[in-house]
Protein chains: 2
Amino acid sequence: MDKIKILVADDHQVIIDGLEAIISTTEHLEFIGGASNGKEVISKVKSQPVDLILMDINMPEMDGLECTAYLSKNYPNIRVIALSMHDNPRLAKRMIKNGAFGFLLKNSSKANILTAISEVMQGRNFFDPMLMSTFFDADNKKTSSSFSKKDLLTKREIQIIQLICQEKTTIEIADELSISTHTVESHRGNIMLKLELKNSVGLVKWAIQNEVIEL
Amino acid sequence: MDKIKILVADDHQVIIDGLEAIISTTEHLEFIGGASNGKEVISKVKSQPVDLILMDINMPEMDGLECTAYLSKNYPNIRVIALSMHDNPRLAKRMIKNGAFGFLLKNSSKANILTAISEVMQGRNFFDPMLMSTFFDADNKKTSSSFSKKDLLTKREIQIIQLICQEKTTIEIADELSISTHTVESHRGNIMLKLELKNSVGLVKWAIQNEVIEL
DNA sequence: AAAAAACTAGTGGTTTTCCGCTAGACGAAG
DNA sequence: CTTCGTCTAGCGGAAAACCACTAGTTTTTT
């Protein structure tokens, strides 16, 4: 099997050097150069064959998101692994959507990096375990935080919230529950009061964050 | 260092046997028994010290979710790794919320299982890479589906949506953008028309799904 | 330069939400 | 048995959102 030709894109030379060290000392991997921004990456893939790119997200000129989108459109055979300092799940999602196959944090272990390369070259995805932690944690902290205002609400009120979030009007809700519109208004008022919300827009956002409804 | 004492909970004996084989042949790990449901797990942890439990989610009598919640309350020192056939992110989230430290698919590789055990015993989370793939994919299919109505909207309209989603009223938005309230109304109307929405509740949900705003 | 799209602003009216306040009925808990 | 919480229902009024339509100005595209 041929060596895997790897390009590293990052605007910090230290990172490039570090990854070069890891790549060069590993069997089957070949470091073929660095690039300090997206434009350089594109010019390099035009002049030589590349199998895989370790791509920083934050770069001047052309960032990793844009560059990855371009590559996945014009060079679908080149695999991209996103590199990032920050364990931001949203950013990771966007990179994946743009065509990246994996996501690594810059402080990841050598073992992780090699695993990522191998997995991705076999057509599978790889996500930094650290990222996954924050992925789940993010959700947990919001919802299971010691106490939430959710406890203040009654079953009926939760039910009303769910119906409001289904884009139903007071009349429709009253009809569906076979109660008076006044009662629905009453509940709605109590809900707003308890949750200290301004309007139904805030209510929807609260409901999603507190998993009272699903998107 | 002492060996890590591991209990395996699953209602299929094959799974227990398989994991026992992996555990027993590995340095520093000790298989101390199996359980076919949550109640058995609890009775076993009462009679002997346990460091880590590989816990199936679907079990009769008392399932993995309930059992994990109980353990994390009464035996906080016991680490739990969830086991599942299905790569269901929602289920994974619930297990994590209930106190599990990791999530493994049953068809995971031996290497993965051992990594999971080691990571979790060091207090870190571990999530099966396969799970992560479906996690991201699930989102992608929803949002990046060929074409989204997002493309129909203008920059100004996106801006208006963002402000609406900040719980701002028409007057406040008009003020902030230094335009007439009528203009804001006009934009709002066009948005509703283009997105075929009934009211601002639907708008918020659309905005979140299409990443026009963040929660 | 012409056409198209986007942004702007208005009129006029309907519907819905939001707010405050009161109050009876009912079941559970003390 | 009384109190508390919840669910119910009502009134009146203010604010905001929603709808339909027209139309001038600016910007972008062709």
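Lettering of chains follows the sequences in order, A, B, ..., and the numbering in each one begins at 1.
- For the pair B/Asn190 CG and C/dT8 C1', the computed distance is 11 Å after rounding to whole Å.
- B/Glu40 has no carboxylate O lying under 4.0 Å from a charged side-chain N of B/Lys46, or vice versa, which leaves the two without a salt bridge.
- Toward the 5' end of DNA chain D, the nearer of the two residues A/Ser178 and A/Lys194, judged by each one's closest nucleotide, is A/Lys194.
- For the pair A/Thr154 and D/dC7, the criterion of a side-chain N or O lying under 4.0 Å from OP1 or OP2 is met.
- Atom CG in A/Leu163 sits roughly 14 Å away from atom P in D/dC7 (whole-Å rounding).
- The residue among B/Leu153 and A/Ser200 whose nearest nucleotide of DNA chain C is located toward the 5' end is B/Leu153.
- Proximity note for B/Glu185 (side chain, C-beta onward) versus C/dC18, D/dT8, D/dA17: the nearest is D/dA17.
- For B/Arg156 and C/dT8, the shortest distance from a side-chain N or O to OP1 or OP2 is below 4.0 Å.
- Summarising the geometry, the separation between CD1 on A/Ile164 and P on C/dT17 is reported as 8 Å, rounded to the nearest angstrom.
- The NE2-P distance, from B/His182 to C/dG10, rounds to 5 Å in whole Å.
- Shown here for A/Gln159 and A/Arg156, the closest heavy-atom pair between the two residues is OE1-NH1, 2.9 Å.
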Check against side-chain hydrogen bond (donor to acceptor under 3.5 Å, both in side chains), B/Asp128 and B/Ser108 = CA-CA 8 Å; B/Asp128 200 300; B/Ser108 204; 2.8 Å; yes
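- Rounded to whole Å, the distance from CG on A/Leu152 to C1' on D/dG5 is 13 Å.
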Please lay out, stage by stage, how A/Asp51 and A/Lys3 fare under the test salt bridge (charged side-chain N to carboxylate O under 4.0 Å, His left out).
-> CA-CA 9 Å; A/Asp51 296 314; A/Lys3 283 192 174 185; over 6 Å; no
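- One interatomic measurement links the two molecules: CD of A/Gln159 to P of D/dT6, which rounds to 15 Å at whole-angstrom precision.
- Protein atom CD1 of A/Ile161 is 16 Å distant from nucleotide atom C1' of C/dT17, rounded to whole Å.
- Between the side chain of A/Ser186 and the base of D/dT8 there is at least one donor-acceptor pair of N/O atoms closer than 3.5 Å.
- Note on A/Thr183: a side-chain N or O is less than 4.0 Å away from OP1 or OP2 of D/dA9.
- Across D/dA9, C/dC19, D/dA17, the shortest atom-to-atom separation from the side chain of B/Thr169 is found for D/dA17.
- To the nearest angstrom, P of D/dC18 lies 16 Å from NE2 of B/His187.
- Using a 4.0 Å heavy-atom cutoff across all strands shown, B/Asn199 reaches sugar-phosphate atoms only and no base atom.
- One finds the CD atom of A/Glu157 at 10.5 Å from the CD1 atom of A/Ile164 (value rounded to the nearest 0.5 Å).
- Side-chain atoms of A/Thr170 and base atoms of C/dT16 include no donor and acceptor less than 3.5 Å apart.
- When distances run from any side-chain atom of B/Ile171 to the nucleotides C/dT16, D/dA16, D/dC11, the shortest one goes to D/dA16.
- Note on B/Ser180: a side-chain N or O is less than 4.0 Å away from OP1 or OP2 of C/dG10.
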